[in-house]
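These numbers come from a predicted model, not from an experiment. The sequence lines fix the lettering, A, B, ..., with proteins before strands; numbering per chain opens at 1.
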Amino acid sequence: MPELPEAERARQVLDRAAVGRTIARVDDHDPFVCRPHGAGEIDAVLRGATVTAARRRGKHLWLETDAGVDLSLHLGMSGSFRVDEPEAPRGWDRFALEFEDGTRVALRDKRRLGRALLDGARGRLGPDAAAVTRDAFRTRVGGSRAAVKARLLDQSALAGVGNLLADEALWRARIDPRAPGTSLDVESLDRLRVALRASIRAALLPNAGSGAGTFARARRKGYCPRCGSPLSRATVGGRTTYWCPSEQLGAPAPAKGEAAAYRGT
DNA sequence: AGCATTGTTTCACA
DNA sequence: TTGTGAAACAATGC
């Protein structure tokens, strides 16, 4: 269940279970998860290599090794790392690293949208949403006429924000997800950045499960947790979006010919 | 049965 | 150029 906070937790798992260990064998049999590599290709390159660091940017993870090759990992929509657990049923362990000391780290992913590949490209990834500076945030999110939520979801503008986290941050900052980035004043942009960081921090607390955000839960019930208004729902930035119509006013979209795709409340 | 989906990429089109 | 929507990817859950 990966957005930035889940990816960071996963990185911490890798930090503990993989860094400093030497790879004895790689299970890279799944042609979809490991594409474009063929089965055995990653194993051939990484066998004998020692993992030197576990890194993250946005939702992208990678392990650095002393073989001069990185192993890029992405959790997709349903992936997670499991350490020393019994093999998952139905082949849900799509990829695994087996270390010389017996430790086994598996990428468990029912939906198979996760990825494991050598030297994956990260060039078009924006700054990490948890570390982005105030000025960079103003420019990247406020510098586009696209709906602010679409901007938040654009990994090349800002890395790490997913659908739920975007709704949560916009709700906390009381900004209409449909508002064009360029319509937001500096105060609103700064407030959004603070709200985003607070949402990320909350999701990283030890007792916060995935999707545990205040608003993520409220989405299901359909009412604003602060004022009780029925939430509005529409597709924004290509994803199902919920917001509080009485609080998230920000700056309504000018709606030039864009006949808004309202569906329901 | 049908529909929706916490992610990414690509493509057609305005 | 910029932005959008849909489709594809694969599989599960309601």
Side-chain angles (χ1 to χ4, degrees), chain A residues 1-10 30-36 56-61 72-80 88-95 107-117 120-126 129 140-171 177-183 196 199-200 202-204 208-220 222 233-242 253-264:
Chain A
M1 342 237 145
E3 294 199 41
L4 188 154
E6 289 293 323
E8 173 56 22
R9 290 188 165 203
D30 191 303
F32 188 81
V33 169
C34 297
R35 75 178 180 190
R56 178 190 65 77
R57 183 154 167 200
K59 306 166 193 171
H60 291 246
L61 298 161
S72 299
L73 298 162
H74 198 293
L75 297 172
M77 221 140 41
S78 60
S80 65
R90 307 236 243 151
W92 287 340
D93 288 345
R94 309 294 182 182
F95 178 87
L107 170 58
R108 187 165 301 178
D109 180 15
K110 291 182 181 180
R111 291 177 59 181
R112 245 172 139 205
L113 289 172
R115 290 287 176 272
L117 75 164
R122 289 179 291 274
R124 294 177 59 247
L125 218 48
R140 289 175 169 269
V141 178
S144 161
R145 282 178 299 284
V148 59
K149 179 176 177 184
R151 261 329 250 185
L152 290 177
L153 293 176
D154 185 342
Q155 303 299 302
S156 66
L158 194 65
V161 182
N163 197 31
L164 271 52
L165 188 54
D167 278 5
E168 173 94 28
L170 287 161
W171 173 76
R178 302 164 300 174
T182 48
S183 75
L196 178 56
S199 303
I200 291 168
L204 279 172
S210 60
T214 310
F215 194 68
R217 268 195 309 275
R219 281 172 61 127
R220 314 201 63 196
R233 172 190 154 138
T235 297
V236 180
R239 317 295 296 192
T240 299
T241 301
Y242 291 85
K256 44 169 189 190
E258 139 252 59
Y262 281 98
R263 294 186 304 176

Euclidean distance for P, C:dA7 against B:dC3 (whole angstrom): 13 Å

Euclidean distance for C1', C:dA6 against B:dA4 (whole angstrom): 16 Å

Geometric class of the A:W171/A:F215 ring pair [parallel <30°, tilted 30-60°, perpendicular >60°]: parallel

OP1 or OP2 of [N] versus the side-chain N and O atoms of [X]: is any pair under 4.0 Å?
X      : N     : result
A:S144 : C:dG3 : yes
A:H74  : B:dT8 : yes
A:R219 : B:dT6 : yes

From A:K149 atom NZ to A:T241 atom OG1, the distance as rounded to the nearest 0.5 Å: 2.5 Å

Rounded distance [0.5 Å steps], CZ in A:R9 versus CZ in A:R56: 12.5 Å

Tell me: [atom1] of [X] to [atom2] of [N], nearest whole Å?
X      : N     : atom1 : atom2 : value
A:R140 : C:dT2 : CZ    : C1'   : 16 Å
A:R122 : B:dT8 : CZ    : P     : 14 Å
A:D154 : C:dG5 : CG    : P     : 14 Å
A:R57  : B:dT8 : CZ    : P     : 14 Å
A:R239 : B:dC3 : CZ    : P     : 18 Å
A:Q155 : C:dG3 : CD    : P     : 16 Å
A:L164 : B:dA4 : CG    : P     : 17 Å
A:L61  : B:dT8 : CG    : C1'   : 15 Å

Axial cation check for A:F32 ring with A:R115, 6.0 Å and 45° limits: yes

With no hydrogens and no angle check, is any side-chain donor or acceptor of [X] less than 3.5 Å from a backbone partner on [Y]?
X      : Y      : result
A:D167 : A:Y242 : yes
A:Q155 : A:G126 : no
A:D93  : A:F95  : no

Per-nucleotide protein contact string for nucleotides 9-14 of chain C, where B marks a base within reach and S marks sugar-phosphate only (heavy atoms under 4.0 Å, - for neither): BBBSS-

Contacts of type salt bridge (charged side-chain N to carboxylate O under 4.0 Å, His left out), residue A:R122, not counting sequence neighbours: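 Residues passing salt bridge (charged side-chain N to carboxylate O under 4.0 Å, His left out) with A:R122: A:D70.
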
Check ion pair A:D154-A:R151 (N to O, under 4.0 angstrom):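 Salt bridge: yes.
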
Nucleotide-level pairing of DNA chain B, given in dot-bracket where Watson-Crick and G-U pairs need both distances under 3.5 Å and | marks other strands: .||||.||||||||

